[in-house]
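This chain uses plain numbering: 1 for the first residue, then up along the sequence. Treat the numbers as computed from the prediction; the structure is a model and nothing was measured.
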Amino acid sequence: MTTAQELLRFLDEDQVRALQDRFGTPLYVYDQATLEAQAQQALQLPAPFGLTVRYAMKACPSAGVLRVLTRGGLHIDASSGWEARRAIAAGVPAGHILLTAQQLPDDFEELFALGVRFNACSLGQLQACGERFPGAEVGIRLNPGLGSGHSSRTNVGGPSASFGIWHTHLERVLEAARAYELRITLLHTHIGSGSDPEVWQHCARLTLNLVRHLPDVTAVNLGGGYKIGRMSDETSTDLLHAAGPIVDELRRFAADGGPRLRLEIEPGTFLVGNAGAVVASVIDVVDTGKEGFSFIKTDTGMTEILRPSMYGAQHPLTVVPREDGDRPLREYLVVGHCCESGDILTPAPGDPEALRVRPLAEARVGDAVVIGGAGAYCAAMSAKNYNSFPEAPEVLLDKDGGFHLLRRRQRLDQVIANESVPDFLL
């Protein structure tokens, strides 16, 4: 049986209680040591002609997390102009940022002038770049016709995905490049998951075949999507194993007369997923009789972690008693604090419409509940301010065991700061 300490990963029970007392709940906590270890693991990928690892900052854009990862040698993948600005504000050099966005930002010209690299994700974006910066060096994102992911919502390649320029439109890409004298030096493809070596190798072959038509390309970006084992029965991607076939393809391509291409990857979850947790408190324990369920009600939920409600995603849950002492195990459904039937933290795997009980230590009001694997797509992708709950604080655990506030808890006046009541309603 997995122990509570194994589920807590980088925290111990005394630290959890200390977090409750010092910062209140709910809150996010990130572990510096785990962030740095994951970054170094990614940087050890044996790309034969050079490697750039870009952190997909949409996973967790907190400035403190950005600082840890970029100080560790990573560059940034930004999914919007706002993310690019946020990275610059956190101290990331503009030249270390690659902007790959569905929406061309209004300040695109200024970002480009600052040195932010640009990936055209549509023919319209490529034309806009050519019109404003003829003769520029750009990247393009192509949809190679292949997709992979655990659901249609995480599949970003293939005919059902709008991301990137469809591969059969390559001639139109070349026409635009010639018309504006653009140098396409980066080819980007992303299918949704880079965890399956065979699928990733197939994607690499498709990508390299496209490179043959783009003589200025010096680097290929094969995206991210490397799975991590959040639950005890899940395994994390062996990045060296997954990348092995890609390394072979790059060497073979060069040996056949192609260019020696630099490899770029852009992990997000792989870097931060298991480096974060949500610490919450038990606010009530209720049941629906002998034929029903026992529920742990928490002061968190979809306002901090939306993935279970959206995907049926599984996260490890641990009840940390307010005081030391053994408690018997009970079977519970764990729910959030929102007035929303979908605010559930224990859905059935992959099915947000179904429920699955968890064996947890007997819960009492005031105990902590730690939700693990919450470093990626939690603070960044939550139902913030639903039911007017304030945004939760974020805290960093340093390598010496100290806690540092990265984001303060939001106040009510900040929640309503941008609201305006017209005069006729006063």
Inset, instruction - Test salt bridge (charged side-chain N to carboxylate O under 4.0 Å, His left out) on R262 and E264 and set out the steps. - result: CA-CA 7 Å; R262 185 177 185 85; E264 294 193 3; 5.4 Å; no
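Formation of a donor-acceptor pair under 3.5 Å by the H315 side chain with backbone atoms of G373 is found in this model. Remark: the backbone N or O of V334 is paired with a side-chain donor or acceptor of T346 at under 3.5 angstrom. Judged by distance alone, with hydrogens and angles left aside, the side-chain atoms of Q40 form no donor-acceptor pair with the main-chain N or O of A37 at under 3.5 Å. Here the side chain of D400 pairs no donor or acceptor atom with the backbone of G402 at under 3.5 angstrom.
Among pairs with a residue in residues 59-86, those fulfilling ring-ring contact (aromatic ring centres under 6.0 Å, His included) read H75-H96, at least two apart in sequence or across chains.
The side-chain contact (heavy atoms from CB on, under 4.5 Å) test applied to K58 returns S79, E83, Y377, not counting sequence neighbours. Here R85 pairs with D107, E110 under the side chain to side chain donor-acceptor pair (under 3.5 Å) rule; sequence neighbours left out.
Between L35 and the options L397, V68, N274, a side chain to side chain contact (heavy atoms under 4.5 Å, CB included) holds for only V68. Exactly one of V29, V395, L396 qualifies for a side chain to side chain contact (heavy atoms under 4.5 Å, CB included) with L406. That residue is L396.
Residues P144 and L206 share a closest heavy-atom pair of O-CD1, 3.8 Å. Across every non-hydrogen atom of L239 and Q41, the tightest pair is CD2-O, 4.4 Å.
With salt bridges taken as basic N to acidic carboxylate O contacts below 4.0 Å, one links D21 and R322. Salt bridge present: R327 and D367 bring a charged side-chain N and a carboxylate O closer than 4.0 Å.
Atom CG of residue L182 and atom CZ of residue F133 lie 11.0 Å apart, to the nearest 0.5 angstrom. To the nearest 0.5 Å, atoms CG (N143) and SG (C121) are separated by 11.0 Å.
Side chain to side chain, S62 and R407 fail the donor-acceptor criterion of an N or O pair below 3.5 Å. Side-chain contact annotation: E394 with Y30, donor-acceptor N/O pair under 3.5 Å present.
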